[in-house]
Peer 1: 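Please see the structure below; I have some questions.
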Amino acid sequence: MEKKNIDWANLGFGYIKTDYRYVSNYKNGAWDEGVITEDDKVVISECAGVLQYAQTVFEGMKAYTTTDGRTVVFRPDLNAKRMAESAARLEMPVFPEDRFLDAVKQVVKANEAYVPPFGSGATLYLRPYMFGSNPVIGVKPADEYQFRIFATPVGPYFKGGVKPLTIRVSDFDRAAPNGTGHIKAGLNYAMSLHAIVDAHNQGYDENMYLDAATRTYVEETGGANFLFVTKDGKVVTPKSNSILPSITRRSLIQVAQEYLGLEAEEREIPLEEVKDMAECGLCGTAAVISPVGKIVDHGKEICLPSGMTEMGPITKKLYDTLTGIQMGTIKAPEGWVVEIK
Ligand code: PLP
Ligand code: COI
């Protein structure tokens with residue numbers, strides 16, 4: 001398979017149109033058989049449920065080239081399951097999980113020329129999503145939906161790659177206690193746009209959102225979960241019903257325990273405790289693990305001992321082990337790495 005002529009090493013996290021995408025439509029209570037198409041345009045009613053009431057959910061995952069030249073995706077079964085849960089919460093029909101996995105394989109296979117070569121630093125980002133497509137004017141779920149997956153080659157989510165980030169404690173809330181923070185719905189991102197633009201305008205890379213009810217516990221950022229390392233070398237991640245259950249974070253906890261022999265736990269983390277942490281990172285499919293060097297809480301600076309030039313040592317070990325598993329240089333736990341044949 002001849003690869004496209006792309007400057008892989010200098011890709012940012014942006015959209016590049018690839019050759020093929022997958023589309024399936026839901027109508028009269030059933031999904032059609034689905035097709036791979038070259039048509040990147042979506043044509044829907046001006047009154048489509050997604051346009052009026054934001055009835056849309058999505059996923060994010062990546063395809064990689066391994067050291068021995070195989071094309072693989074990381075734990076796609078968990079994306080399929082999470083998308084089913086997201087859809088159910090927004091009263092959308094579930095796209096069957098086995099069909100989700102098959103569609104992922106079809107899209108990656110069709111766009112194999114866009115899967116970046118091993119060692120290039122880039123990956124093929126996959127974006128499964130679905131939305132209400134028929135006219136809806138009273139507030140209710142749509143009757144018709146479209147499920148799609150497109151692929152786009154990407155580099156690092158944060159400019160500067162692994163340079164530690166500076167984030168701020170946000171005054172805006174991301175998710176309500178019994179709201180939709182735990183699902184991957186477009187609405188959670190729409191409401192974060194003002195907060196991120198404001199953070200960027202003030203010189204910060206991201207927002208640290210706190211729990212909306214008490215504003216005392218750490219939740220997550222707009223697009224990634226937090227991971228901290230305590231001064232005695234324990235990996236801790238925030239536990240909350242209103243954050244997205246990150247597949248990267250769940251994998252890292254297992255990597256910490258089983259590959260690195262570290263203690264790792266998910267628990268509530270008071271903002272007050274952050275000043276005592278040794279390392280901090282943002283973890284997610286797009287972010288992988290992006291180190292945080294400084295957290296600013298209304299003028300009060302928390303400078304992580306790992307500093308502003310490099311990843312903390314444990315964060316680095318986690319990063320190297322996870323990416324090693326994904327790229328096939330380290331043996332993966334059963335079922336984590338799925339080959340596209
Ligand atoms: N939190 C939010 C709000 C996200 O958008 C993402 C990205 O998917 C994550 C966390 C990380 O989740 P995952 O590791 O499954 O990509
Ligand atoms: C991902 O990590 O896949 C996401 O969806 C996060 C998004 C902010 C790019």
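Read the numbers this way: they start at 1 and go in the same order the structure lists the ligands and their atoms. Residue numbers run from 1 in the order of the sequence given.
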Peer 1: Which residue supplies the protein heavy atom nearest to atom 16 (O) of ligand 1, what is that atom called, and how far is it?
Peer 2: Thr285 OG1, 2.5 Å
Peer 1: Under 6.0 Å between the ring centres of Phe13 and Tyr125?
Peer 2: yes
Peer 1: Does ligand 2 have any atom that is closer than 4.0 Å to a heavy atom of Met61?
Peer 2: no
Peer 1: Against heavy atoms of Phe58, which atoms of ligand 2 measure under 4.0 Å?
Peer 2: 5 (O)
Peer 1: Could you tell me whether Arg267 and Glu273 have a side-chain N and a carboxylate O separated by less than 4.0 Å?
Peer 2: yes
Peer 1: Looking at Arg82, which atoms of ligand 1 are within less than 4.0 Å of one of its heavy atoms?
Peer 2: 12 (O), 13 (P), 15 (O)
Peer 1: What about Thr248: any of its N or O atoms under 3.5 Å from an N or O on ligand 1?
Peer 2: yes
Peer 1: Give me the ring orientation class for His194 and Phe172: parallel if the planes are under 30° apart, tilted from 30 to 60°, perpendicular past 60°.
Peer 2: perpendicular
Peer 1: Apply the side chain to side chain contact (heavy atoms under 4.5 Å, CB included) test between Glu279 and each candidate in Val229, Val292, Thr230, Leu318; give the one that qualifies.
Peer 2: Val229
Peer 1: Can Arg174 and Glu220 be counted as an ion pair, charged N to O under 4.0 angstrom?
Peer 2: yes
Peer 1: Based purely on interatomic distance, does Arg249 place a nitrogen or oxygen under 3.5 Å from a nitrogen or oxygen of ligand 1?
Peer 2: no
Peer 1: Within the 4.0 Å heavy-atom shell around Glu220, which atoms of ligand 1 are there?
Peer 2: 1 (N), 2 (C), 3 (C), 10 (C)
Peer 1: Nearest to atom 8 (O) of ligand 1 by heavy atom, Arg250, His182, Lys184: which?
Peer 2: Lys184
Peer 1: What atoms of ligand 1 come closer than 4.0 angstrom to any heavy atom of Ala224?
Peer 2: 1 (N), 2 (C), 4 (C), 9 (C), 10 (C)
Peer 1: Starting from atom 2 (O) of ligand 2, what is the nearest protein heavy atom, named by residue and atom, and what distance separates them?
Peer 2: Ala286 N, 2.8 Å
Peer 1: Which of the atoms of ligand 1 are close to Tyr189, meaning less than 4.0 Å from one of its heavy atoms?
Peer 2: 2 (C), 3 (C), 4 (C), 5 (O)
Peer 1: Any carboxylate oxygen within less than 4.0 angstrom of a Lys/Arg side-chain nitrogen, looking at Asp39 and Lys41?
Peer 2: no
Peer 1: Flag the pair Glu301 and Lys294 as a salt bridge only when some basic side-chain nitrogen lies within less than 4.0 angstrom of an acidic carboxylate oxygen.
Peer 2: yes
Peer 1: Students should be able to answer this: which protein heavy-atom is nearest to atom 9 (C) of ligand 2, and at what distance?
Peer 2: Tyr157 CE1, 3.7 Å
Peer 1: With a 4.0 Å cut-off, would you call Arg168 and Asp198 a salt bridge?
Peer 2: yes
Peer 1: Is the shortest N/O to N/O distance between Gly222 and ligand 2 below 3.5 Å?
Peer 2: no
Peer 1: Quick test: of every protein heavy atom, which one is nearest to atom 6 (C) of ligand 2, and how far off is it to 0.1 Å?
Peer 2: Gly223 O, 3.7 Å
Peer 1: Identify the closest protein heavy atom to atom 6 (C) of ligand 1: which residue and atom is it, and at what distance?
Peer 2: Gly223 O, 3.2 Å
Peer 1: Measure from the ring center of Tyr129 to the ring center of Phe147 and say whether it is less than 6.0 Å.
Peer 2: no
Peer 1: Could you tell me whether Arg174 approaches ligand 1 through its side chain, its backbone, both or neither, with non-hydrogen atoms closer than 4.0 Å?
Peer 2: side chain
Peer 1: Can you list the ligand 1 atoms lying under 4.0 Å from a non-hydrogen atom of Gly284?
Peer 2: 11 (C), 14 (O), 16 (O)
Peer 1: Tyr125 heavy atoms, cut-off 4.0 Å: which ligand 2 atoms fall inside?
Peer 2: 1 (C), 3 (O), 4 (C), 5 (O)
Peer 1: Looking at ligand 1, does Gly222 have a heavy atom less than 4.0 Å from it?
Peer 2: yes
Peer 1: Show which atoms of ligand 2 fall inside a sub-4.0 Å distance from at least one heavy-atom site of Arg127.
Peer 2: 5 (O)
Peer 1: Applying the side-chain hydrogen bond (donor to acceptor under 3.5 Å, both in side chains) criterion to Lys4, which one of Asn111, Thr18, Asp19 satisfies it?
Peer 2: Asp19
Peer 1: Please determine if Lys81 and Glu85 form a salt bridge, counting it only when a charged side-chain N lies under 4.0 Å from a carboxylate O.
Peer 2: yes
Peer 1: Atoms of ligand 2 less than 4.0 Å from Lys184 heavy atoms?
Peer 2: 4 (C), 5 (O)
Peer 1: Determine the sole option in Ile340, Val108, Thr66 for which the side chain to side chain contact (heavy atoms under 4.5 Å, CB included) test with Val72 is passed.
Peer 2: Thr66
Peer 1: Charged N to carboxylate O below 4.0 Å: is that the case for Lys316 and Asp320?
Peer 2: yes
